[in-house]
**Student:** 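I have a structure here, written as structure tokens, and I will follow up with some questions on it.
The structure presented is a predicted model; accordingly, all values stated were derived computationally and were not measured. Only this structure's heavy atoms are used, side chains among them; waters, hydrogens and symmetry mates stay out.
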Amino acid sequence: MMKQKLAVFDMDGTLLDSLPDLAESGRALLASYNLPSVTDTQVRGMIGNGVPLLVERLLAAAAAQGAKQQVEQIDHAEACHRFMALYTPRATQLSRLFPGTEEALHTMRAQGWRLAVCTNKPEVAALAILERFNLFPLFACVGGGDSFVARKPDPRHLLGTIEKAQSTPEYTVMIGDMAPDLLAAQGAGCPALFAAWGYGDPTLADLAQAQAVSMTEVPDCAARLLA
């Protein structure tokens, strides 16, 4: 009997347009330290590698605007904790699913796919977002940035998610918009589908076996990768 195919999705920039809430939380974090602010465009380029690196980039942006001495006095771990306290209650205030997401996920489930999420977001935050958008029942599991000993682009993050979903790399497609997603897929030995509608530079498509320009294309593109 053929093993069930698995589609593993990144969250920010793939399933969810989370930039508005991440940017607002980033600005609130900087304001709490009386640091210069950042724009949505700046924050867009900071997303995809988890909270610690996002906070590091936010502080670096403030330092580059003349607040280097203030930034050097900030404890990074405390800043990450402060960011999560700001972001968690507002994670879905402005964020929205990308167009076609619900339909694509339901289509794939109807076609016999198992679905999973592999995100550098903390697992609790990712689960809460799926619950908020009524997507949780569609997914076999979530591999968050704190679920395993490593996070993307380390392939152990993706491999752990695949194992948690009771599948194997040869039956898996990774769908994501940033280099950590695609590099994790390379290391795990499974094909990657570049989410061209997301936050990543279009040149990242070179790291994937195929690309889709919208969520509506994902079911067909993923099926071709495992044909």
Side-chain angles (χ1 to χ4, degrees), residues 7-29 38-58 61 80 83-84 86-102 104-105 115-133 135-136 138-139 141-148 150-154 157-158 161 173-185 192-202 204-205 207-208 211-215 218:
V8 180
F9 290 87
D10 172 49
M11 183 165 276
D12 296 326
T14 301
L15 295 175
L16 188 74
D17 183 6
S18 53
L19 174 61
D21 286 316
L22 288 169
E24 283 295 302
S25 301
R27 284 188 282 269
L29 174 71
V38 288
T39 66
D40 281 20
T41 300
Q42 286 175 290
V43 177
R44 182 186 179 100
M46 301 176 184
I47 298 171
N49 292 274
V51 170
L53 193 51
L54 172 58
V55 169
E56 182 180 315
R57 289 167 172 170
L58 287 166
C80 290
F83 177 86
M84 285 305 300
L86 291 164
Y87 175 67
T88 300
R90 65 156 304 127
T92 58
Q93 285 189 17
L94 300 174
S95 299
R96 295 293 180 266
L97 297 175
F98 282 103
T101 294
E102 289 179 272
L105 296 176
L115 307 178
V117 168
C118 183
T119 174
N120 281 337
K121 264 188 193 310
E123 184 175 336
V124 170
L127 289 168
I129 288 168
L130 292 179
E131 289 277 14
R132 161 65 179 82
F133 289 105
L135 297 179
F136 180 74
L138 297 176
F139 287 90
C141 74
V142 170
D146 54 357
S147 300
F148 306 105
R151 65 179 63 183
K152 298 177 297 183
D154 192 310
H157 186 181
L158 178 54
T161 303
V173 175
M174 174 72 209
I175 302 103
D177 68 310
M178 298 291 283
D181 309 313
L182 309 178
L183 293 172
L193 179 61
F194 176 60
W197 64 88
Y199 303 147
D201 189 277
L204 291 174
L207 297 176
Q211 66 174 318
V213 299
S214 69
M215 274 294 297
V218 169

**Student:** Which atom pair, heavy atoms only, marks the closest approach of Q93 to D21?
**Tutor:** N-OD2, 3.3 Å
**Student:** Answer yes when R27 and D40 have at least one side-chain N-carboxylate O distance shorter than 4.0 Å, and no when they do not.
**Tutor:** yes
**Student:** To the nearest 0.5 Å, tell me how far D177 CG sits from T14 OG1.
**Tutor:** 4.0 Å
**Student:** State the CG-OG1 distance between L130 and T119, to the nearest 0.5 angstrom.
**Tutor:** 9.5 Å
**Student:** State, with a plain yes or no, whether a side-chain heavy atom of R44 is found less than 4.5 Å away from one of T39.
**Tutor:** no
**Student:** Look up atom CG in L105 and atom CD in E102, then write down how far apart they are to the nearest 0.5 Å.
**Tutor:** 8.0 Å
**Student:** So do T101 and F133 actually touch side chain to side chain, heavy atoms under 4.5 Å?
**Tutor:** no
**Student:** Look up atom SG in C118 and atom NZ in K152, then write down how far apart they are to the nearest 0.5 Å.
**Tutor:** 5.0 Å
**Student:** Just by modelled atom types, is the E123 backbone N or O under 3.5 Å from a matching donor or acceptor in the D146 side chain?
**Tutor:** yes
**Student:** Between atom OH of Y199 and atom CE of M46, what is the distance when rounded to the nearest 0.5 Å?
**Tutor:** 14.0 Å
**Student:** Using modelled atom types only, decide if a donor and an acceptor are shared between the side chain of H157 and the backbone of G143 within a distance under 3.5 Å.
**Tutor:** yes
**Student:** Tell me whether D154 contacts the main-chain N or O of R151 through its side chain, where contact means a donor paired with an acceptor under 3.5 Å.
**Tutor:** no
**Student:** Let me confirm one number: the CZ-CG distance from F139 to L15, rounded to the nearest 0.5 Å.
**Tutor:** 5.0 Å
**Student:** Is there a donor-acceptor contact under 3.5 Å from the side chain of T92 to the main chain of S95?
**Tutor:** no
